[in-house]
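Both backbone and side-chain heavy atoms feed into the values below; hydrogens, waters and symmetry mates do not. In this chain, residues are counted from 1 in sequence order. In listed order, ligands and their atoms are each counted from 1.
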Amino acid sequence: MIRSVVRGNGAALPRRIMKNADFEGMVETSDEWIVQRTGIRQRHVAADDETTASLGEAAARAALDSAGLTPADIDLIVLATSTPNNTFPATAVEIQNRLGMHHGFAFDMQAVCSGFVYAVATADLYIRGGLAKRVLVIGSETFSRILDWSDRSTCVLFGDGAGAVVLEAAKGAGNIADRGVLAASLRSDGVHKEKLFVDGGPSTTGTVGHLKMEGREVFKHAVGMITDVIEATFAEAGITAEDLDWFVPHQANKRIIDASAKKLGIAEEKVVVTVDLHGNTSAASVPLALSVAVADGRIKKGDLVLLEAMGGGFTWGAVLLRW
Ligand code: UT7
């Protein structure tokens with residue numbers, strides 16, 4: 001059978017780093033509160049000349065370099081983002097143009113923090129369905145643009161950045177030893193909309209709006225939703241937590257990551273944590289975490305890797321793949 005194998009990956013971060021202490025004069029908060037409640041120590045914040053498209057392009061170029069490929073080798077770009085450069089056209093098409101690509105096709109996916117997991121699962125279907133052979137899957141966000149910088153309950157949590165992988169069609173035996181995407185499980189439920197949303201949009205206010213979150217409410221649902229969808233993925237693949245080499249969760253809060261791993265029986269040393277470095281970068285968080293763990297030599301060819309995310313919508317999902 002056809003498998004979607006990761007051929008390369010990359011990342012890009014804005015130049016400016018904002019430490020927790022930098023918020024202390026802006027809102028009533030402290031480094032201690034942010035670290036204790038979230039595990040975040042710093043985040044990158046985009047300058048005016050850094051956008052979802054420019055960061056996405058840089059991550060895409062890094063992924064292509066690591067794969068030993070050029071844009072000519074790609075036939076589809078799927079960009080996961082909730083902070084596009086424009087309402088339309090899709091920022092994926094802008095990235096396609098920036099890469100000098102005038103063949104193939106490109107589109108955006110909007111599943112907020114679950115965007116990259118949704119995008120990998122979608123790209124896998126395009127590859128297995130024969131519509132694409134090599135796909136650039138990008139998660140790129142500039143949440144700094146939609147934050148209310150006077151709201152301490154949200155502005156300290158998010159950051160900007162981008163990550164990307166190149167998925168390539170390859171023949172597999174159809175079993176768990178194959179490299180590539182092995183199983184996926186996606187969920188959404190709009191009943192939770194008011195707990196995490198942006199209070200603007202083209203069809204309602206005609207403005208971009210700002211992020212609103214009832215953090216405690218999101219937290220209450222997160223661990224249960226994450227563990228349910230991962231258990232469904234394990235069942236589909238016929239594996240247990242012990243078979244995993246690496247767990248690469250969405251990086252929203254260290255306490256959510258720890259509680260999910262504990263409930264699933266995933267050993268602490270198998271969990272990739274980058275929330276301290278990047279904050280919550282929404283659709284970019286999983287590919288950014290992947291890039292750190294690949295660059296430092298933890299994730300290696302042949303490793304069994306579990307990706308997971310949960311966010312606004314609510315949306316949530318998991319992807320199991322062999323690197
Ligand atoms: O990526 C999408 C998914 N999003 C998430 O997964 C986020 C989920 N939620 C969370 O991570 C946590 O709920 C937060 C980090 C947002 C908040 O942590 P918490 O332990 O749930 O705190 P809380 O909201 O219950 O707030 C505790 C206190 C409150 O004060 P009172 O009411 O106890 O007096 C807040 O007003 O902390 C206060 N607070 C802050 N204090 C200092 C809220 N934000 C801050 C802040 N600095 N930045």
**Q.** Residue pairs, two or more places apart or on separate chains, that pass ring-ring contact (aromatic ring centres under 6.0 Å, His included) and touch residues 231-262
**A.** none

**Q.** Greater than 12 external heavy atoms within 6.0 Å of R98's CZ
**A.** yes

Q.
I need the atoms of ligand 1 closer than 4.0 Å to a non-hydrogen atom of C113, numbered in the order shown.
A. 1 (O), 2 (C)

Q | Per-atom contacts of ligand 1 with L196, taking only distances under 4.0 Å to non-hydrogen atoms | A | 2 (C)

Q) Should A252 be counted as touching ligand 1, given the test is an N or O pair under 3.5 Å? A) no

Q.
Need the ligand 1 atom indices (1-based, order shown) with element for anything under 4.0 Å from a heavy-atom of R255.
A. 18 (O), 20 (O)

Q: Quickly, which of K254, R255, K262 forms a side chain to side chain donor-acceptor pair (under 3.5 Å) with D258? Name it, please.
A: K254

Q) Does atom NZ of K212 have more than 12 heavy-atom neighbours from other groups under 6.0 Å away? A) yes

**Q.** Ligand-side contact atoms (ligand 1) for residue partner N253, heavy atom cut-off under 4.0 Å
**A.** 10 (C), 11 (O), 12 (C), 15 (C)

Q.
Regarding atom 16 (C) of ligand 1: of the candidates V156, I40, L157, T29, which has the closest heavy atom?
A. L157

Q: Answer with yes or no whether the side chains of R43 and N20 bring together a donor and an acceptor at under 3.5 Å.
A: yes

Q: Please could you name the atoms of ligand 1 that R37 approaches to less than 4.0 Å, counting only its heavy atoms?
A: 19 (P), 20 (O), 22 (O), 27 (C)

**Q.** Option set F219, F158, W316, W33, criterion heavy-atom distance to atom 37 (O) of ligand 1, minimum
**A.** W33

Q) Heavy atom of A222 under 4.0 Å from ligand 1? A) no

Q | Test item: side-chain donor near acceptor, T281 and E141, under 3.5 Å | A | no

**Q.** ligand 1 atoms in contact with M213 (distance to a heavy atom under 4.0 Å)
**A.** 4 (N), 7 (C)

Q: Quick one: sort the F105 and Y126 rings into parallel, tilted or perpendicular, breaks at 30° and 60°.
A: tilted

Q) Are any of the N or O atoms of T38 closer than 3.5 Å to those of ligand 1? A) no

Q: Identify, for atom 30 (O) of ligand 1, the protein heavy atom at the shortest distance, and state residue, atom and that distance.
A: R152 NH2, 4.3 Å

Q. Under 4.0 Å from atom 33 (O) of ligand 1, is there any protein heavy atom?
A. no

Q: For the pair D178 and R3, find out whether any cationic side-chain nitrogen is under 4.0 Å from an anionic carboxylate oxygen.
A: yes

Q: Decide whether T315 and S114 meet the rule of one side-chain donor and one side-chain acceptor closer than 3.5 Å.
A: yes

Q: Check whether any N or O atom of H250, backbone or side chain, sits under 3.5 Å from an N or O atom of ligand 1, and answer yes or no.
A: yes

Q: Mind checking whether I256 contacts ligand 1 via backbone (N, CA, C, O), side chain (CB onward), both or neither, at a 4.0 Å heavy-atom cut-off?
A: side chain

Q: Would you kindly say whether D160 and T142 are connected by a side-chain donor-acceptor distance under 3.5 Å?
A: no

Q | Flag for T51-N85: side-chain donor and acceptor within less than 3.5 Å | A | yes

Q. Tell me: protein heavy atom nearest atom 8 (C) of ligand 1, and distance?
A. G215 O, 3.6 Å

Q: Might you check, step by step, whether the distance between atom 41 (N) of ligand 1 and some protein heavy atom is under 4.0 Å?
A: yes

Q) Given R216, E28, H221, E32, which one has a non-hydrogen atom that is nearest to atom 29 (C) of ligand 1? A) R216

Q) Is it true that R179 and D303 have a side-chain N and a carboxylate O under 4.0 angstrom from each other? A) no

Q: Give the atoms of ligand 1, by number and element, whose distance to some non-hydrogen atom of N280 is under 4.0 Å.
A: 1 (O), 2 (C)

